[in-house]
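Working notes for the structure below.
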Amino acid sequence: MRLSELFTKTRKQVPTDETSRNARLLIQAGFIHKEMAGVYDYLPLGVKVLDNISKIIRQEMNAVGGQEVRLTALQSKELWQRTGRWDDKVIDDWFKTKLASGSELGLGLTHEEPLTNLLTDYVSSYKDLPLIIYQIQTKFRNELRAKSGIFRGREFLMKDMYSFARTQKEHEQIYGLIRKAYFKTFKRFGIGDLTYLTFASGGIFSKFSDEFQTLTESGEDNLYLDERKKVAVNNEVYNANVLHELGLKKEQLQQKKAVEVGNIFSLGTKYSKVLGLEFTNESGQREPVIMGCYGMGVSRVMGVLAEVLSDEKGLVWPLEIAPAKAIIIKLGENQMVNELSEKLYKGLTTAGVEVLYDDRDLRAGKKFADADLMGIPYRVVISEKTADQGKYELKRRTQAQVRLQDYNGILKVLTGKTVGKLSNHS
RNA sequence: CGGGGUGUGGCGCAGUUGGCUAGCGCGCCGCGUUUGGGACGCGGAGGUCGAAGGUUCGAGUCCUUUCACCCCGACCA
């Protein structure tokens with residue numbers, strides 16, 4: 001993408017109606033635009049980030065056998081009434097609307113009901129199970145108070161996955177597998193070291209639900225963290241009994257703030273029983289399916305990355321997530337410089353490398369500042385200084401030193417195996 | 001939903017006890033000089049002062065109502 005054609009612009013000043021670091025940076029760099037409280041538009045660079053996060057999630061969820069679907073956002077009142085979750089007294093953050101005919105609809109905030117109901121059409125035998133099904137979809141929640149930028153919005157992108165097992169043992173096996181996949185996913189996001197498995201309230205059939213909490217001062221959850229054991233207890237369930245059960249010692253816990261980036265829990269047969277999702281087992285008897293639920297906030301992860309990986313110059317995206325691997329900065333107008341820049345831009349694009357090309361007629365300082373603000377992992381500068389030797393200057397976002405490389409050298413770094421070996425964040 | 005704060009060109013802000021043509025910075029347009037870390041000069045364009053109603057000779061400024069946004073709290077499938 002040529003920056004001369006990109007419609008978004010960076011800003012020197014940030015709107016003061018945002019105080020959260022993630023929203024300020026993302027607005028300043030032109031990744032998102034605020035529509036109203038808790039509701040944000042995703043602009044070209046922001047969409048790329050969401051797509052890259054989603055891509056990693058897809059890879060990891062597919063790796064454990066997940067099948068992707070896309071269910072409707074519009075929800076039938078009758079279906080949710082069957083599980084007792086239509087009532088505003090039960091779920092207070094529904095967005096509800098009406099068909100032209102007058103009948104009520106809800107905007108989906110989670111999808112246990114429709115997916116369970118849908119599967120009754122396809123699951124009838126033990127041979128049809130187990131199943132792991134997920135989607136990445138916009139969710140709507142009528143939060144009383146939106147806060148913390150894109151951490152808690154009223155409309156947000158989420159991965160929600162559901163497992164369907166024949167036996168409790170099989171369920172636990174799947175649950176463990178997915179828990180592992182979650183760790184791997186957060187590691188690939190670049191927040192593995194900051195993300196802790198956290199015991200919390202909320203599970204209906206398990207005593208605890210597993211939350212994945214990323215440490216940050218701007219988080220809204222309070223944890224008691226055992227750094228050695230890599231586990232934490234949510235303030236909600238923190239008491240002497242819980243500590244005893246988990247084998248944690250009060251003296252070894254630190255109090256920390258964190259934001260929940262994932263939450264997984266067992267559902268048992270709560271929904272399958274009510275909605276009639278049953279299968280016939282080997283001995284010909286009907287049994288309800290045992291379910292689990294696995295959430296991960298895609299847009300929230302984007303906010304967390306903006307929040308925790310950024311520095312005083314702006315955003316710092318991990319290589320796999322950045323809207324572009326590299327930004328080519330052309331300095332000055334001269335034939336050699338133009339030719340080298342165009343050649344590299346075309347070469348990288350042809351090689352399938354996502355790259356930004358700053359071909360704008362601006363001063364160097366502005367271009368450098370923008371590249372830093374946008375958090376692009378690699379910066380390639382082309383100017384008169386090195387063009388006559390056919391050299392490019394290569395610099396990482398997080399490092400100070402500059403390396404001189406020729407065309408092939410750059411291509412190798414940005415397309416080759418070398419890329420994977422370099423750490424995302426230093 | 002309770003408490004606190006804020007709404008003035010695209011963005012950031014100033015605007016005195018009510019007073020004259022509503023200012024400043026950034027950004028934007030034109031010209032020139034510049035050109036490796038957010039350049040400078042000159043000249044421009046751009047405003048229903050969140051909205052509605054009221055008081056007044058006169059309202060950005062005072063009163064009433066209302067909407068929106070932010071923060072703290074409660075809530076959070």
Side-chain angles (χ1 to χ4, degrees), chain A residues 7-21 23-24 27-30 33-40 75 80 83-95 106-114 139-149 151-154 156 158 160 162 200-204 209 211 218-221 234-236 259-260 263-265 267 270-271 293-295 297 300 312-314 329-334 337 358 360-374 379-387 392-393 395 397 400 402:
Chain A
F7 79 83
T8 59
K9 291 176 183 172
T10 58
R11 297 181 185 181
K12 266 195 204 169
Q13 288 151 320
V14 204
T16 40
D17 69 348
E18 289 286 0
T19 55
S20 73
R21 181 172 175 78
R24 289 173 74 94
I27 290 172
Q28 204 183 346
H33 173 261
K34 184 184 208 157
E35 197 61 32
M36 57 185 96
V39 181
Y40 294 87
Q75 297 295 307
W80 289 78
T83 59
R85 295 211 295 174
W86 178 256
D87 197 322
D88 289 334
K89 287 184 209 99
V90 179
I91 293 186
D92 63 3
D93 54 359
W94 267 117
F95 272 111
L107 298 182
L109 34 68
T110 182
H111 280 76
E112 284 87 356
E113 278 82 348
K139 294 279 191 271
F140 299 89
R141 290 184 191 174
N142 202 348
E143 300 283 354
L144 265 75
R145 181 184 162 207
K147 59 188 285 197
S148 310
F151 280 7
R152 177 173 291 278
R154 298 197 165 97
F156 57 93
M158 176 171 164
D160 50 323
Y162 308 89
S201 65
I204 300 158
S209 75
E211 286 180 348
S218 56
E220 47 185 356
D221 285 7
N234 197 305
N235 188 36
E236 295 166 358
V259 55
E260 181 192 317
N263 188 4
I264 66 178
F265 49 94
L267 296 171
K270 177 180 159 125
Y271 298 101
C293 173
Y294 315 84
R300 182 179 280 186
E312 68 288 343
K313 287 178 177 170
I329 295 182
K330 181 177 72 121
L331 294 184
E333 281 298 330
N334 124 358
V337 168
D358 196 346
R360 299 175 298 177
D361 182 21
L362 293 172
R363 296 170 68 89
K366 165 77 172 156
K367 292 190 176 193
F368 294 150
D370 276 356
D372 288 340
L373 177 60
M374 291 189 283
R379 187 183 86 184
V380 183
V381 174
I382 300 151
S383 75
E384 285 179 316
K385 258 165 73 174
T386 57
Y392 300 84
E393 295 170 58
K395 180 189 167 301
R397 169 67 174 79
V402 173

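Values below: all heavy atoms of this structure, side chains included; hydrogens, waters and symmetry mates excluded. If you're wondering where the values come from, they're calculated on a predicted model, not measured in any experiment.
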Short N-O contact, A/Arg85 and A/Glu112, less than 4.0 angstrom
yes

Please tabulate the protein-to-nucleotide N/O contacts below 3.5 Å involving nucleotides 6-9 of chain B, giving atom names and distances.
none

For A/Glu113, answer base if it contacts any base atom (sugar-phosphate contacts may also be present), sugar-phosphate if it contacts only those atoms, and nothing otherwise; contact means non-hydrogen atoms under 4.0 Å.
nothing

So what does A/Val90 touch, heavy atoms closer than 4.0 Å: a base, only the sugar-phosphate, or nothing?
nothing

[atom1]-based separation of [M] from [N] [nearest Å]:
N: B/rG32; M: B/rG37; atom1: C1'; value: 24 Å
N: B/rA68; M: B/rC57; atom1: P; value: 35 Å
N: B/rA59; M: B/rG50; atom1: P; value: 15 Å
N: B/rU21; M: B/rG25; atom1: P; value: 22 Å
N: B/rG47; M: B/rC28; atom1: C1'; value: 15 Å
N: B/rG19; M: B/rC72; atom1: P; value: 37 Å
N: B/rG38; M: B/rC75; atom1: C1'; value: 43 Å
N: B/rG4; M: B/rU8; atom1: C1'; value: 22 Å

Could you check whether any side-chain N or O of A/Arg11 sits under 3.5 Å from a backbone N or O of A/Gln28, counting only pairs where one atom can act as donor and the other as acceptor?
no

Examine distances only and state if a side-chain atom of A/Arg152 and a backbone atom of A/Lys147 form a donor-acceptor pair shorter than 3.5 Å.
no

Roughly how far apart are [X] [atom1] and [Y] [atom2], rounded to 0.5 Å?
X: A/Phe368; Y: A/Arg379; atom1: CZ; atom2: CZ; answer: 4.5 Å
X: A/Asp92; Y: A/Glu143; atom1: CG; atom2: CD; answer: 8.5 Å
X: A/Ile27; Y: A/Thr8; atom1: CD1; atom2: OG1; answer: 13.0 Å
X: A/Lys313; Y: A/Met374; atom1: NZ; atom2: CE; answer: 14.5 Å
X: A/Ser148; Y: A/Arg21; atom1: OG; atom2: CZ; answer: 14.0 Å
X: A/Ile329; Y: A/Lys366; atom1: CD1; atom2: NZ; answer: 11.5 Å

With nearest nucleotides of RNA chain B determined for A/Thr386 and A/Trp80 from heavy-atom distances, which residue corresponds to the more 5′ nucleotide?
A/Thr386

Sequence neighbours left out, what passes ring-ring contact (aromatic ring centres under 6.0 Å, His included) with A/Trp94? Give chain and number order.
A/Trp80, A/Trp86

Heavy-atom side-chain proximity of A/Arg154 to A/Asn142 below 4.5 angstrom
yes

What closest approach, in Å, do A/Ser209 and A/Phe265 show between heavy atoms, and which atom pair accounts for it?
CB-CB, 3.5 Å

For A/Val337 versus A/Leu331, what's the shortest heavy-atom pair and its separation?
CG1-O, 3.7 Å

Sugar-phosphate means primed atoms, P, OP1 and OP2; the rest is base. With that split, encode nucleotides 38-44 of chain B 5' to 3' as B, S or - using protein heavy atoms under 4.0 Å.
BB-----

Which atoms of nucleotides 68-75 of chain B (N or O only) lie under 3.5 Å from a protein N or O atom, and what are those distances?
residue, atom, partner, partner atom, Å
B/rC69, OP1, A/Ala37, N, 2.8
B/rC69, O3', A/Lys34, NZ, 3.2
B/rC69, O2', A/Asp17, OD2, 3.3
B/rC70, OP1, A/Lys34, NZ, 2.9
B/rC70, O4', A/Asp17, O, 3.3
B/rC72, OP2, A/Arg145, NH2, 2.5
B/rG73, N7, A/Arg145, NH1, 3.3
B/rC75, O2', A/Asp92, OD2, 3.0

Under the salt bridge (charged side-chain N to carboxylate O under 4.0 Å, His left out) test, residues paired with A/Glu211 that sit two or more places apart:
none

Please report the distance, rounded to the nearest Å, between [atom1] in [X] and [atom2] in [N].
X: A/Ile329; N: B/rU35; atom1: CD1; atom2: C1'; answer: 15 Å
X: A/Lys9; N: B/rC29; atom1: NZ; atom2: C1'; answer: 11 Å
X: A/Leu331; N: B/rG37; atom1: CG; atom2: C1'; answer: 10 Å
X: A/Lys367; N: B/rU35; atom1: NZ; atom2: P; answer: 16 Å
X: A/Asp221; N: B/rC76; atom1: CG; atom2: C1'; answer: 10 Å

Can you find an N or O donor on one side and an acceptor on the other, under 3.5 Å apart, linking the side chain of A/Gln13 with the base of B/rG27?
no

Ring of A/Phe156, cation from A/Arg300 - is the NZ or CZ under 6.0 Å from the centre and inside 45° of the axis?
no

Both distances under 3.5 Å, Watson-Crick or G-U wobble: on that basis, could you give the dot-bracket string for RNA chain B, with [ ] for crossing pairs and | for other-strand partners?
(((((((..((((.....[...)))).((((((.....)))))).....(((((..]....))))))))))))....

